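Worksheet: the structure to be examined is printed underneath.
Keep in mind that this is a model prediction, so the values were computed, not measured. All ligand and atom numbering here is 1-based and tracks the order in the structure. For the numbers below, each heavy atom of this structure counts, side chains included, while hydrogens, waters and symmetry mates do not.
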Amino acid sequence: MTSPSLVRASASTAPDFADTAVVEWVQQIAETTRPERVVWCDGSVRERDELLRGLVRTGTLLQVNPDLRPYSFVARSHPEDVARVEDRTFLCTERKADAGPTNNWEEPARMRARLDELFQGSMRGRTLYVVPFSIGPIGSPLARLGVQVTDSPYVVVSMGIMTRMGADALRAIRPDTTWVRAAHTVGCPLEPGQADTPWPCNATKYISHFPESREIWSYGSAYGGNALLAKKSFALRIASVLARDEGWLAEHMLILKLTSPDGKVFHLAAAFPSACGKTNLAMLQPTLPGWSVETIGDDIAWMRVDELGRLRAINPEAGFFGVAPGTSTATNPVAMDTMWGNTIFTNVAMREDGDVWWEGMTTTPPSGLVDWQGTPWTPASGRPAAHPNARFTVAARQCPTIASDWEDPAGVVIDAIVFGGRRASNVPLVVEAKSWEHGVFLGATISSERTAASGGTAGELERDPFAMRAFCGYNMADYFGHWLEIGKTMRARGGVPRMFQVNWFRKDDDGSFLWPGFGENIRALAWMTERIRGVVRARDTALGLMPLDGDVNLDGTGVDAGTWAKLNAIDLDRWRAEADSIERFFATFGGRVPEALYRQLHRLRDALGDP
Ligand code: GTP
Ligand code: SPV
Ligand code: MN
């Protein structure tokens, strides 16, 4: 066996323990893409240091002042490569219906032909990095393996934070292992003598998924979910298909551990659309005395029903790729503490003193800022200093509130599932589902205002079922059916977790948030635990079970009776319009939505009554 120290970033031949199928696949990609060299990554600290220093030399990364934030870096992306590109993200299945109306579909053969063309010579003049990774702790029965090839060293160092990357993952791939092939190129070959740019990418982008052969092909982007293929491409799009076939769930959910003042422990999984509060809830610092929240995951949950019928969840990731703007010592002190050092920032602003800054970090911007594109910035510039989808990439183990069992290969037992979105109107603060079917209906009908994370027009209202619209690797009507089936399996073996819906983003007529949010969200979580324990009653409403006045502790929030009433108001006319919009949404699936969800829609309509 090769000793780990011999498998370095400079290693251009495959380690002797590499599985033949991996070696052959890498050779094949290299023959097509024609890189100058091939490097097999081992995931060592030394390799990471070499890569980071190389990235600083080429100008892709700027080092943050190490006295203020040790071993941290800032990347400035190309101004047109700043978020996931949903209109360039494709699902390639033999039958179009298998992709469903929420995905861009392309015939696998046609997409392959297109990609073959684009990948021809695409890595000329660059290094092809072989990045073996495990999603989930290596050796966990829930973990999965993959290999990404990429010509972006920025992607390599990011994957090194977000996954268990390197020689151990490669060793775990045996001849009988199912592993995912993930090919990535920035699509920017270098001619001999041609100078490189800090953020090479291509105006043409394809983020393509082949769930039937478990492959991902990504062309033209180096940003986040487009390029870190273990994340949304594998851990959600491909994994959701594996989960459907094997009877488990791959979800866009945070996982947190909540302990009540009397020491009772609850685990919650919550699905909110991109940039709608998962990282913040996962790191919540309770304002109610005696409560504590520990973090298990902030973006993705893999969940499986155990022998006792309980839903067990793991965080398949090893790091956080979190939204920077809005993050501050006031809103999310835990995230601020997590990124004390060893952090890669992308598209943030830089201060005169060489540290980072973004909107919301302080109430007034410091003077002498340079914006995310490297241009001097003042508040009069009329544009944000940090890009609205600026991110921090940091290891989960640096999180001061990380739960001691966050890497438990068996996962944690989920007591409640929470759905939410960003809704300025209509949706109350907290509602409990009346049944599993009703909870699936709440999940299936989440609607939310678009954010900067998804690359469309921010603010537009759209349906984002289970916060998975952009991440479900098959027809979402079948996905709803899969959720209903999982409920049946659990009920047959024991019971189902409770389900809730929340909305932290309801606004007053003057446009201000009605709810203080962040640490105060503990008040809604505390009510949920009291419902689970059966110590408080609830109001039966058209939308579900809602808190009785006084049951959600508002002491010290400044939320008065009038504001509380606005937070909980149900406007019947507007909800009749919501019901119509849900019906139109269901109709886009052409009769494939399960009958149980139509029953829920009829119940909602009955409860709302006639105008
Ligand atoms: P992705 O990483 O894109 O999946 O996003 P996420 O769901 O983890 O969202 P995140 O927690 O990063 O929050 C996104 C934005 O919403 C940030 O600007 C937060 O400051 C803001 N936010 C989060 N929680 C709250 C809240 O309770 N109230 C208000 N008003 N804003 C919030
Ligand atoms: C999201 O958009 O939901 C993210 C960021 O978590 S990305 O990894 O780019 O998808
Ligand atoms: Mn996300």
[X] and [Y]: side-chain donor and acceptor closer than 3.5 Å?
X	Y	value
T451	R422	no
T93	W105	yes
W358	T327	no
T89	R237	no

Going by the atom numbers of ligand 1, which of them fall below 4.0 Å from some non-hydrogen atom of [X]?
X	answer
G326	18 (O), 20 (O)
P325	17 (C), 18 (O)
N280	10 (P), 11 (O), 12 (O), 13 (O), 19 (C), 23 (C), 24 (N)
P273	7 (O)
R422	15 (C), 16 (O)
T279	6 (P), 8 (O), 11 (O), 12 (O)
A275	1 (P), 3 (O), 4 (O), 5 (O), 6 (P), 7 (O), 9 (O), 14 (C), 15 (C), 16 (O)
K278	1 (P), 4 (O), 5 (O), 6 (P), 7 (O), 8 (O), 9 (O), 11 (O)

Within-shell test, [X] vs ligand 1, heavy atom, strictly < 4.0 Å:
X	result
R391	yes
N521	yes
A467	no
G322	no

Answer with side chain, backbone, both or neither: which part of [X] has a heavy atom less than 4.0 angstrom from an atom of ligand 1?
X	value
T451	neither
W515	neither
C276	backbone

- Message: Using a distance threshold of 2.8 Å, state whether an N, O or S atom of A467 lies below it from the Mn ion (ligand 3).
- Response: no
- Item | Salt-bridge criterion met for R450 and E86 (N-O under 4.0 Å) | yes
- Item | D299/K232 ion pair, N-O < 4.0 Å | yes
- Task: Give the numbers and elements of all ligand 2 atoms closer than 4.0 Å to a heavy atom of G224.
- Result: 9 (O)
- Message: Under a 4.0 angstrom heavy-atom cut-off, which atoms of ligand 2 come close to A453?
- Response: 2 (O)
Check whether [Y] forms a cation-pi arrangement with [X] (NZ or CZ under 6.0 Å from the six-membered ring centre, at most 45° off the ring normal).
X	Y	result
R506	F513	no
R144	F234	no
K278	F272	no

Do [X] and [Y] come close enough that some side-chain heavy atom pair is under 4.5 Å?
X	Y	value
H78	T197	no
L369	R351	yes
R469	I446	no

- Task: Determine the sole option in T338, T343, N342, D337 for which the side-chain hydrogen bond (donor to acceptor under 3.5 Å, both in side chains) test with Q398 is passed.
- Result: N342
- Query: Hey, what's the ring geometry for W372 with H387, parallel, tilted or perpendicular (30° and 60° as the breaks)?
  - Reply: perpendicular
- Query: Going by the angle between their ring planes, with limits at 30° and 60°, are W527 and F500 parallel, tilted or perpendicular?
  - Reply: perpendicular
What is the closest protein heavy atom to [atom], and at what distance does it sit?
atom	result
atom 9 (O) of ligand 1	G277 N, 2.9 Å
atom 9 (O) of ligand 2	G225 N, 2.8 Å
atom 8 (O) of ligand 2	K231 CE, 3.2 Å
atom 28 (N) of ligand 1	F518 CE1, 3.8 Å
atom 4 (C) of ligand 2	K232 NZ, 2.9 Å
atom 3 (O) of ligand 2	S274 OG, 2.5 Å

- Distance from R88 atom CZ to K205 atom NZ, nearest 0.5 Å? 9.5 Å
- Message: Heavy-atom distances under 4.0 Å decide this one: backbone, side chain, both or neither, for Y223 against ligand 2?
- Response: neither
- Message: Heavy-atom distances under 4.0 Å decide this one: backbone, side chain, both or neither, for D299 against ligand 2?
- Response: side chain
- Query: Mind checking whether H252 has a heavy atom under 4.0 Å from ligand 2?
  - Reply: yes
- Query: Can an N or O of R84 be found at a distance shorter than 3.5 Å from an N or O of ligand 2?
  - Reply: yes
- So which N/O/S atom does D299 have closest to the Mn ion (ligand 3)? OD1
- Message: As a quick check of understanding, evaluate side-chain contact (heavy atoms from CB on, under 4.5 Å) for R391 and N389, giving each step before the final call.
- Response: CA-CA 6 Å; R391 299 258 168 180; N389 193 38; 2.9 Å; yes
